[in-house]
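Okay, structure first, notes after.
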Amino acid sequence: MSLRLAGMSVLVTGSGSGLGKKITTRAASAGAFVIATDIDEDGGEEAATAAENVAEGAGGATFHPLDVTDAGAFHNLVDTVAEERGLDGIVNNAGIGHPPNLTEDVPMSTLDHILDINVRGVWNGCQAALPHLKNNADGGSIVNVASLAGFLGMPQQSAYSLTKGAVLNYTRVVAAEAGRDGVRANAVCPGIVDTPLGSQLFSSVDPEDPEAGKEKLAKQYPMGRLGEPDDVAAPTCFLLSDEASWVS
Ligand code: NAD
């Protein structure tokens with residue numbers, strides 16, 4: 001069977017941990033060459049090395065430091081990648097959460113910080129990648145990592161939900177704007193996944209016993225468990241691939 005992402009060049013943000021790390025390795029194992037990026041250089045390097053080790057076919061990975069809030073650096077990196085090896089897809093995954101808090105108790109500095117990374121970071125990635133993807137003869141694919149918090153009303157996740165709702169609807173706009181040029185855009189909306197970010201919620205459910213909090217949260221899901229990074233990496237790779245050529 002041919003590799004799902006054979007010959008594709010894909011940039012992933014927030015590769016150094018959790019979902020981004022798994023998306024990076026899974027994409028390389030499906031034959032993609034992955035440009036892994038993060039502000040965490042150790043984590044990002046580790047992800048690129050892990051991806052190299054499992055890469056199949058012409059797949060592989062390299063790491064570049066990137067702060068997604070730095071529009072100039074984002075555009076420069078994307079332009080360089082497009083020129084040197086082409087760009088077929090981008091996964092705007094980098095994101096942060098915040099401590100559980102009601103709207104009136106969220107400090108303005110927290111709001112500014114999370115808007116900058118979760119919203120402006122996705123915007124920067126799309127704006128940098130779109131001209132290159134539109135120029136490709138066979139288009140390209142954008143996957144933005146939103147969240148269930150983008151369409152459910154989750155108390156105490158006010159600023160986070162605001163950013164993920166924005167990502168979700170902005171992704172619809174990109175899909176509508178770029179579809180005629182062969183560019184697909186999709187958002188994945190994970191529930192709680194056991195990563196450094198996801199695990200912050202365990203202690204908010206049970207501050208005395210985070211493990212008990214984790215179990216309580218897991219019981220809310222039809223499968224009775226939380227997500228694993230691969231549960232998000234698999235559909236992300238599907239959305240990057242030609243198998244999803246009518247999914248946008
Ligand atoms: P994580 O904390 O494990 O990883 C996030 C990565 O993003 C880290 O490596 C971090 O260094 C990087 N990052 C942070 N700020 C950055 C910046 N300015 N520029 C570049 N990189 C930056 O989190 P995760 O759980 O893997 O989350 C990944 C994405 O998935 C996020 O967008 C998050 O909102 C979303 N998500 C996570 C869950 C969950 O339960 N884990 C659920 C729904 C959505």
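In listed order, ligands and their atoms are each counted from 1. The residues of the chain are indexed from 1 along the displayed sequence.
Taking Arg172 as the reference, Asn169 meet the side chain to side chain donor-acceptor pair (under 3.5 Å) condition, with sequence neighbours excluded.
Other residues sharing a hydrophobic cluster with Val106 under the 4.5 Å side-chain heavy-atom criterion for ILVMFWY residues do not exist; the residue is a singleton.
Among the candidates Thr171, Asn93, Asn186, the single residue satisfying the side-chain hydrogen bond (donor to acceptor under 3.5 Å, both in side chains) test with Asn144 is Thr171.
Using a 4.0 Å heavy-atom criterion, the residues that approach ligand 1 are Gly14, Gly16, Ser17, Gly18, Leu19, Asp38, Ile39, Asp40, Leu66, Asp67, Val68, Asn93, Ala94, Gly95, Ile96, Ile117, Val145, Ala146, Ser147, Tyr160, Lys164, Pro190, Gly191, Ile192, Val193, Thr195, Pro196, Leu197, Gly198.
A salt bridge does not link Glu228 with Lys22: every distance from a Lys NZ or Arg NE/NH1/NH2 to an Asp or Glu carboxylate oxygen is 4.0 Å or more.
You'll find the side chain of Asp40 stays beyond 4.5 Å of the side chain of Ser17, heavy atoms only.
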Report all side-chain donor-acceptor pairs from residues 125-132 shorter than 3.5 Å, counting only partners two or more places apart or in another chain.
{"from": "His132", "atom 1": "NE2", "to": "Asp79", "atom 2": "OD1", "distance (Å)": "2.7"}

